[in-house]
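Every chain is numbered from 1, with letters handed out A, B, ... down the list of sequences. Heavy atoms only: backbone and side chains are in, while hydrogens, waters and symmetry mates are out. For clarity, every value in this text was computed on a predicted model and none was experimentally measured.
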There are 2 protein chains.
Amino acid sequence: MRKLPAKLASQLYGAAELIAERGLDGTKIEDIAEATGIPKATIYYHLDGKNAVLEFLLGDLLDMIAGAVGVAVASEENARTRLEAAVLAQLGVMLEHPSLCRALVGDLGRATRLPELAAALRTAFYEPIEQLLAEGVSDGSLRQVADPGAVALSVFGAITVAGLSAAVEGPSADPSADASRFSAAVSELVLDGLATPASRVQRRGEAL
Amino acid sequence: MRKLPAKLASQLYGAAELIAERGLDGTKIEDIAEATGIPKATIYYHLDGKNAVLEFLLGDLLDMIAGAVGVAVASEENARTRLEAAVLAQLGVMLEHPSLCRALVGDLGRATRLPELAAALRTAFYEPIEQLLAEGVSDGSLRQVADPGAVALSVFGAITVAGLSAAVEGPSADPSADASRFSAAVSELVLDGLATPASRVQRRGEAL
DNA sequence: TCTTGGTTTGTACTGTGAGTACAACATACG
DNA sequence: CGTATGTTGTACTCACAGTACAAACCAAGA
């Protein structure tokens with residue numbers, strides 16, 4: 001069941017828009033069959049039902065993200081620079097595939113309840129960040145924080161929500177321009193914070 | 001259909017855990033009837049079906065959040081301080097009601113497709129932040145950023161994902177302690193960022 | 001060519017669960 | 001009382017996921 005012929009795989013993408021629009025519940029198998037051109041019986045021959053369709057589509061998205069982020073993270077730069085690259089990479093892929101992202105948001109619950117997807121979600125989105133923050137402390141390019149786990153989670157949230165929202169706002173004319181714009185905003189926030197220099201000085205005094 | 005007797009309302013909360021655990025799809029109306037002690041026929045007398053059950057529960061959660069955040073935001077302090085208070089308030093409510101939060105994550109798609117809920121979500125989570133960031137620029141307690149909309153979205157993501165994850169990790173012994181811990185981490189990130197002082201100086205030079 | 005084994009597809013079926021209809025009953029309030 | 005409003009059980013309908021299965025199709029080799 002894991003190797004789904006390439007032709008069918010590509011046809012299946014025709015269902016992404018549909019699922020994104022109406023949610024998996026609101027989408028009948030018959031609709032998927034019609035939209036993709038794959039007859040219902042064939043779908044069931046290869047896949048274990050509706051969930052498997054979602055699993056296939058989202059699994060692919062998550063792989064792409066994990067891949068792109070993996071490349072961004074693997075460079076020689078310091079962690080801080082790689083973090084910026086990772087943010088850009090993640091947002092890039094997300095904005096390139098808005099309907100998959102919309103499907104992800106729409107069926108997040110189901111996704112987190114499908115064990116393989118839940119794991120892929122973690123690997124694609126969360127783990128690279130967590131890793132990078134730790135490395136940044138080691139190489140001195142990022143600050144040490146009191147609660148690294150919680151902070152990593154927040155950074156993850158900042159990036160991901162920005163990406164998902166952007167994707168949900170309907171597809172843009174120039175995804176990669178949007179990705180740069182959003183990634184600049186996210187990096188600015190995550191690296192520099194929102195405090196004014198004045199209040200920061202006072203605060204740094206407290207902290208150190 | 002909007003005034004659901006108090007007694008029934010309180011009974012309905014008995015379904016929250018169930019829905020959080022299995023998702024709305026995985027939960028039969030009969031299960032809800034059994035868990036809450038409200039017979040199926042009565043549920044249908046007051047509510048327009050399953051979705052309405054979710055809508056009721058989440059609507060309540062969102063009202064609580066909007067309320068608590070509203071109070072936090074209404075003080076006389078500067079925007080920066082109120083932002084910290086708002087973060088604490090939001091996380092406080094979320095951690096107080098973990099199963100509602102889990103239900104929200106699990107059926108986020110449905111929630112965003114229910115117009116009233118989608119609006120409530122915006123009001124509860126996003127708008128106060130957006131507002132506060134703007135006020136912070138006016139009163140000088142927060143920095144001006146290049147793309148305020150995108151940054152507000154990220155801040156919103158940072159807070160909300162932290163809260164949701166915490167809620168999903170199963171209920172804690174001391175929700176309010178957890179709320180303080182998480183809110184400290186989120187505020188630290190959002191206000192001060194992760195850059196080291198050294199790289200910050202260099203950066204500030206670029207920006208101003 | 002014929003055979004064999006996987007794939008493809010149509011059609012017809014089963015089962016489950018949401019939502020509805022309705023009648024009997026309770027309760028309240030004038 | 002009796003009329004209105006809520007409560008509940010029971011017995012439906014209906015849509016759709018998933019299954020069964022047989023017929024056709026399409027290699028690829030003997």
Side-chain angles (χ1 to χ4, degrees), chain A residues 1-59 103 106-107 109-111 113-117, chain B residues 1-59 103 106-107 109-111 113-117:
Chain A
M1 181 221 144
R2 247 298 85 173
K3 39 218 159 134
L4 194 58
K7 186 182 167 197
L8 289 187
S10 83
Q11 283 179 280
L12 256 194
Y13 281 94
E17 182 63 29
L18 209 60
I19 294 176
E21 208 61 53
R22 325 213 275 239
L24 194 61
D25 288 328
T27 312
K28 295 180 264 203
I29 285 277
E30 300 280 9
D31 296 340
I32 296 179
E34 195 176 349
T36 58
I38 313 171
K40 175 175 149 172
T42 307
I43 298 179
Y44 275 107
Y45 180 79
H46 290 284
L47 267 32
D48 295 353
K50 262 188 178 191
N51 278 350
V53 174
L54 187 72
E55 198 161 356
F56 169 78
L57 292 174
L58 295 188
D107 287 284
R110 212 183 298 261
R113 241 171 255 116
L114 268 19
E116 280 185 42
L117 269 190
Chain B
M1 182 218 145
R2 247 299 81 173
K3 46 235 151 119
L4 194 58
K7 186 183 166 196
L8 289 188
S10 83
Q11 283 179 280
L12 256 195
Y13 282 94
E17 182 64 29
L18 210 58
I19 295 175
E21 208 62 54
R22 324 213 275 239
L24 193 61
D25 287 328
T27 313
K28 293 180 263 201
I29 285 277
E30 301 280 9
D31 296 340
I32 297 179
E34 195 178 346
T36 58
I38 313 171
K40 174 175 150 173
T42 307
I43 296 179
Y44 275 107
Y45 180 78
H46 290 284
L47 298 163
D48 294 353
K50 262 184 173 195
N51 278 349
V53 174
L54 187 72
E55 198 161 358
F56 169 78
L57 291 175
L58 295 188
D107 287 286
R110 213 183 297 263
R113 240 170 257 116
L114 268 19
E116 282 186 40
L117 269 191

Check the distance between [N]'s [atom2] and [X]'s [atom1] and give it to me in whole angstrom.
X: Ile38(A); N: dT9(C); atom1: CD1; atom2: P; answer: 9 Å
X: Lys50(A); N: dT19(D); atom1: NZ; atom2: P; answer: 14 Å
X: Glu34(B); N: dG17(C); atom1: CD; atom2: P; answer: 13 Å
X: Arg110(B); N: dA18(C); atom1: CZ; atom2: C1'; answer: 12 Å
X: Ile43(B); N: dG6(D); atom1: CD1; atom2: P; answer: 17 Å
X: Glu30(B); N: dA11(D); atom1: CD; atom2: P; answer: 13 Å
X: Leu47(A); N: dT7(C); atom1: CG; atom2: C1'; answer: 15 Å

Would a 4.5 Å heavy-atom cut-off, applied to side chains only, mark [X] and [Y] as touching?
X: Leu4(A); Y: Leu12(A); answer: yes
X: Arg22(A); Y: Asp31(A); answer: yes
X: Leu58(A); Y: Asp107(A); answer: no
X: His46(B); Y: Ile38(B); answer: no

Inset, instruction - For dT8(C), take OP1 and OP2 only and decide whether either is under 4.0 Å from a side-chain N or O of Tyr45(A). - result: no

Work out which heavy atom in [X] is nearest to a heavy atom in [Y]; give both atom names and the distance.
X: Phe56(A); Y: Ala9(A); result: CZ-CB, 3.6 Å
X: Arg113(B); Y: Glu21(A); result: NE-O, 3.6 Å
X: Leu117(B); Y: Ala111(B); result: CB-O, 3.5 Å

Legend entry - Lys50(A) side-chain N/O to Leu24(A) backbone N/O, donor-acceptor pair under 3.5 Å: yes

Inset, instruction - Would you give a per-nucleotide map of nucleotides 20-30 of chain C, 5' to 3', where B means the base has a protein non-hydrogen atom under 4.0 Å away, S means only the sugar-phosphate does, and - means neither? - result: B----------

Inset, instruction - Scan residues 7-29 of chain B against DNA chain C and write down, sorted by residue number, each residue with any heavy atom closer than 4.0 Å; if none is found, say none. - result: Thr27(B), Lys28(B), Ile29(B)

Inset, instruction - Measure from the side-chain heavy atoms of His46(B) and tell me the nearest of dG10(C), dA17(D), dG6(D). - result: dG6(D)

Legend entry - Side chain of Thr42(B) - closest among dG19(C), dT9(C), dT8(D): dT8(D)

Legend entry - Sequence-distant partners of Asp25(A), salt bridge (Lys or Arg N to Asp or Glu O under 4.0 Å), two or more places apart: Arg110(A), Arg110(B)

